[in-house]
K.L.:
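Dropping a structure here in structure tokens format, bear with me for questions.
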Amino acid sequence: MAAILYYVHDPMCSWCWGYQPAFARLKAKLPETIEVRSVLGGLAPDSDQPMPEEMQQMLQLTWKRIEGQLGTTFNHDFWATCRPRRSTYPACRAVLAAECQGQGDAMTAALQKAYYLRAMNPSDTETHCLLAGELNLDTDRFARDLASPAVQALLEDNLAFTAALGVSGFPSLVLEINGQRWPIAVAYRNELTTLNDIQDKMNWANTKEKFSRLFFRS
């Protein structure tokens, strides 16, 4: 039975960064019948305003909490060397501009490492273009796409789809089978918890499909 697992995330979501090891293990264990699709949720809309001091302090505490709970590495120099902005839409557009060249997931990973390990500002166009070069993308095309109405429309489509999935927090997982969708448990430590939840939903959908076939035959 074919299915789609939607991974709803934001490249500037620190919990998404913390989830990466477990998510990588999960994807390696998923059956081939399940297609994984990434969806950008967009934590915060466009703004050139600096991140409020209270939010900076809250996020610094969040980073330390994730470090303590998951062992995730963060470069805390970011808060001293960068001028943080709240908006995550520019980073989301960078992912979509890279996806135009088939490298959306690679850009997500590059942005996360730039933000959390290299203390680079993930909201800056200069960062996006530098990372595009490091990924060996066509940087001229990337820069055009980054500012294009087409990429903005793709972002709006992602945001609308996130809303349709009923997702409000990141990271989130939603499984779709034959048009029906279920939220899936996000387990940061043990991917088997998530895998078992997916298998339960697959089994239920399979049983329902068999029952429907028997019912309509009779």
Side-chain angles (χ1 to χ4, degrees), residues 7-23 38-99 104-105 107-132 142-143 145-149 151-173 183 186 188:
Y7 171 58
V8 190
H9 68 104
D10 189 290
M12 290 176 61
C13 165
S14 49
W15 283 104
C16 294
W17 171 239
Y19 183 54
Q20 283 312 295
F23 186 48
S38 294
V39 183
L40 290 163
L43 274 169
D46 288 320
S47 172
D48 288 329
Q49 296 300 312
M51 185 182 295
E53 185 65 31
E54 297 80 5
M55 181 167 286
Q56 291 188 44
Q57 293 175 3
M58 182 271 291
L59 284 176
Q60 290 178 65
L61 290 174
T62 298
W63 287 18
K64 291 177 180 177
R65 183 150 58 99
I66 296 171
E67 278 181 329
Q69 291 183 11
L70 304 178
T72 308
T73 301
F74 290 90
N75 184 346
H76 296 275
D77 289 345
F78 172 83
W79 302 103
T81 60
C82 288
R83 181 176 179 266
R85 299 203 304 279
R86 174 56 178 157
S87 176
T88 70
Y89 282 20
C92 290
R93 280 192 288 267
V95 171
L96 293 169
E99 182 57 34
D105 288 343
M107 179 57 79
T108 296
L111 279 165
Q112 289 176 322
K113 291 174 183 176
Y115 184 16
Y116 300 117
L117 300 180
R118 301 170 66 181
M120 298 166 64
N121 197 323
S123 302
D124 289 350
T125 300
E126 293 80 4
T127 298
H128 306 156
C129 291
L130 175 64
L131 296 178
F142 175 83
D145 288 338
L146 189 61
S148 70
V151 161
Q152 177 61 27
L154 286 174
L155 176 57
E156 291 170 4
D157 288 345
N158 274 252
L159 300 179
F161 191 60
T162 294
L165 290 174
V167 168
S168 58
F170 313 122
S172 287
L173 296 169
V186 174
Y188 289 87

K.L.:
For Leu165, give me all partners under side chain to side chain contact (heavy atoms under 4.5 Å, CB included), at least two apart in sequence or on another chain.
P.N.:
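Side chain to side chain contact (heavy atoms under 4.5 Å, CB included) list for Leu165, sorted by chain: Tyr6, Val8, Phe161, Val167, Val174, Arg181.
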K.L.:
Using side-chain hydrogen bond (donor to acceptor under 3.5 Å, both in side chains) as the criterion, list what pairs up with Gln60, not counting sequence neighbours.
P.N.:
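Scan of Gln60 (side-chain hydrogen bond (donor to acceptor under 3.5 Å, both in side chains), adjacent residues dropped) gives none.
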K.L.:
List in chain and number order the residues that pass salt bridge (charged side-chain N to carboxylate O under 4.0 Å, His left out) with Asp157, two or more places apart in sequence or in another chain; answer none if no residue qualifies.
P.N.:
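Not a single residue meets the salt bridge (charged side-chain N to carboxylate O under 4.0 Å, His left out) criterion with Asp157.
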K.L.:
Identify, with sequence neighbours excluded, every residue that meets side-chain hydrogen bond (donor to acceptor under 3.5 Å, both in side chains) alongside Thr108.
P.N.:
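Residues passing side-chain hydrogen bond (donor to acceptor under 3.5 Å, both in side chains) with Thr108: none at all.
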K.L.:
Any chance you could lay out the ring pair (Phe, Tyr, Trp, His ring centres under 6.0 Å) test for Trp17 and Tyr188, step after step, and finish with the verdict?
P.N.:
CA-CA 10 Å; Trp17 171 239; Tyr188 289 87; over 10 Å; no
K.L.:
Among all residues two or more places apart in sequence or in another chain, which pass the side-chain hydrogen bond (donor to acceptor under 3.5 Å, both in side chains) test with Glu156?
P.N.:
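Listed in chain order: Gln152.
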K.L.:
Which residue pairs pass the salt bridge (charged side-chain N to carboxylate O under 4.0 Å, His left out) test with at least one member in residues 43-52, sequence neighbours excluded?
P.N.:
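Listed by first then second residue: Asp46-Arg93.
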K.L.:
Checking His9 now: which residues fulfil ring-ring contact (aromatic ring centres under 6.0 Å, His included) with it, not counting sequence neighbours?
P.N.:
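Listed in chain order: Tyr7.
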K.L.:
Could you tell me which residues satisfy side-chain hydrogen bond (donor to acceptor under 3.5 Å, both in side chains) with Arg85, sequence neighbours excluded, listed by chain and number?
P.N.:
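Arg85 satisfies side-chain hydrogen bond (donor to acceptor under 3.5 Å, both in side chains) with Asp124 once adjacent residues are dropped.
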K.L.:
Should Val95 and Leu40 count as side-chain neighbours, where that means a heavy-atom distance under 4.5 Å?
P.N.:
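A side-chain contact exists here, since the closest heavy-atom pair is under 4.5 Å.
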K.L.:
Taking salt bridge (charged side-chain N to carboxylate O under 4.0 Å, His left out) as the cut-off, I'd like each qualifying pair that reaches into residues 108-123, sequence neighbours left out, listed once.
P.N.:
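For residues 108-123: Arg118-Glu134.
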K.L.:
Could you list the residues that satisfy ring-ring contact (aromatic ring centres under 6.0 Å, His included) with Phe142, not counting sequence neighbours?
P.N.:
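By the ring-ring contact (aromatic ring centres under 6.0 Å, His included) rule, Phe142 matches no residue at all.
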K.L.:
Partners of Phe170 by ring-ring contact (aromatic ring centres under 6.0 Å, His included), sequence neighbours excluded?
P.N.:
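Phe170: no ring-ring contact (aromatic ring centres under 6.0 Å, His included) contacts found.
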K.L.:
Taking the side chain from Asn121 and the backbone from Cys82, do they hold a donor-acceptor pair closer than 3.5 Å?
P.N.:
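Not a single qualifying donor-acceptor pair exists.
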K.L.:
Do the side chain of Asp145 and the main chain of Ala98 share a donor and acceptor less than 3.5 angstrom apart?
P.N.:
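No, because the side chain of Asp145 does not come within donor-acceptor range (under 3.5 Å) of the backbone of Ala98.
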K.L.:
Between the main-chain N or O of Trp63 and the side-chain N or O of Ser14, is there a donor-acceptor pair closer than 3.5 Å?
P.N.:
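Here the side-chain-to-backbone pair does not exist.
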K.L.:
Kindly write out the residues that satisfy salt bridge (charged side-chain N to carboxylate O under 4.0 Å, His left out) with Arg65, not counting sequence neighbours, or none if the list is empty.
P.N.:
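Arg65 satisfies salt bridge (charged side-chain N to carboxylate O under 4.0 Å, His left out) with no other residue.
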